[in-house]
Visitor: 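Provided herewith is a single structure, encoded as structure tokens, for subsequent inquiry.
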Amino acid sequence: LAVLTPAASAQHELWLVLALGPLLIVAVAVAFDLKGGYAWSGFLSLGYLAQGITEVWTDRHQWYTGTLEIVLSLLLFAAASFARRIRRRPS
């Protein structure tokens with residue numbers, strides 16, 4: 001999103017921080033196996049999914065950025081669900 005968005009160069013850094021900031025917070029929770037890390041990953045992916053759908057509907061000329069965000073958010077949701085299931089299984 002930060003790279004593909006047509007904006008001034010100063011705005012690219014702002015978009016990068018806004019898009020990746022929440023992911024970094026959740027990544028820390030998942031890395032340290034904190035309670036609720038995988039659940040928050042799923043909730044966060046739904047937010048990115050909504051943003052991608054909105055972007056596809058509102059900007060017809062750059063539909064590919066929204067489509068990429070939809071695919072990546074679904075992939076994040078599936079990965080968080082799969083990882084949580086594997087972690088819950090007794091060894």
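It should be emphasised that the depicted structure is a prediction, and the values quoted were computed from it without experimental measurement.
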Visitor: Is there a chain of hydrophobic side chains (I, L, V, M, F, W, Y, each step under 4.5 Å between heavy atoms) that links Val26 to Leu20?
Guide: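 Per the 4.5 Å side-chain linkage, Val26 and Leu20 are co-clustered.
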
Visitor: Got Leu68 and Thr65 here, is their nearest side-chain heavy-atom distance under 4.5 Å?
Guide: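 Leu68 vs Thr65: side chains apart.
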
Visitor: If I take atom CD from residue Glu69 and atom CD from residue Glu55, how far apart are they, to the nearest 0.5 angstrom?
Guide: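 Here the rounded value is 6.0 Å.
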
Visitor: Can Phe32 and Val28 be said to form a side chain to side chain contact (heavy atoms under 4.5 Å, CB included), step by step?
Guide: CA-CA 6 Å; Phe32 290 113; Val28 169; 3.7 Å; yes

Visitor: For Tyr38, what residues pass the side-chain hydrogen bond (donor to acceptor under 3.5 Å, both in side chains) criterion, not counting sequence neighbours?
Guide: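 Residues passing side-chain hydrogen bond (donor to acceptor under 3.5 Å, both in side chains) with Tyr38: Arg87.
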
Visitor: When clusters are formed by joining ILVMFWY residues with side-chain heavy atoms under 4.5 Å apart, either directly or through shared neighbours, do Leu24 and Val17 land in the same one?
Guide: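 No, it is not one cluster - the side chains of Leu24 and Val17 are not joined through contacts under 4.5 Å.
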
Visitor: Is Leu72 reachable from Val56 through a run of I, L, V, M, F, W or Y residues, each pair having side-chain heavy atoms under 4.5 Å apart?
Guide: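 No, Val56 does not connect to Leu72 through the hydrophobic network.
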
Visitor: Could you pull out all residues at least two apart from Ser81 that satisfy side-chain contact (heavy atoms from CB on, under 4.5 Å)?
Guide: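 So Ser81 forms a side-chain contact (heavy atoms from CB on, under 4.5 Å) with Phe77.
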
Visitor: How long is the straight-line distance from CG of Leu49 back to OG1 of Thr54, given to the nearest 0.5 Å?
Guide: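 Thr54 atom OG1 to Leu49 atom CG measures 9.0 Å (nearest 0.5 Å).
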
Visitor: Show the atom names and distances, to 0.1 Å, of all donor-acceptor pairs under 3.5 Å that link a side chain in residues 41-48 to residues at least two apart or in another chain.
Guide:
unit_1, atom_1, unit_2, atom_2, d
Ser41, OG, Gly37, O, 3.0
Ser45, OG, Gly42, O, 2.7
Tyr48, OH, Ala19, O, 2.4

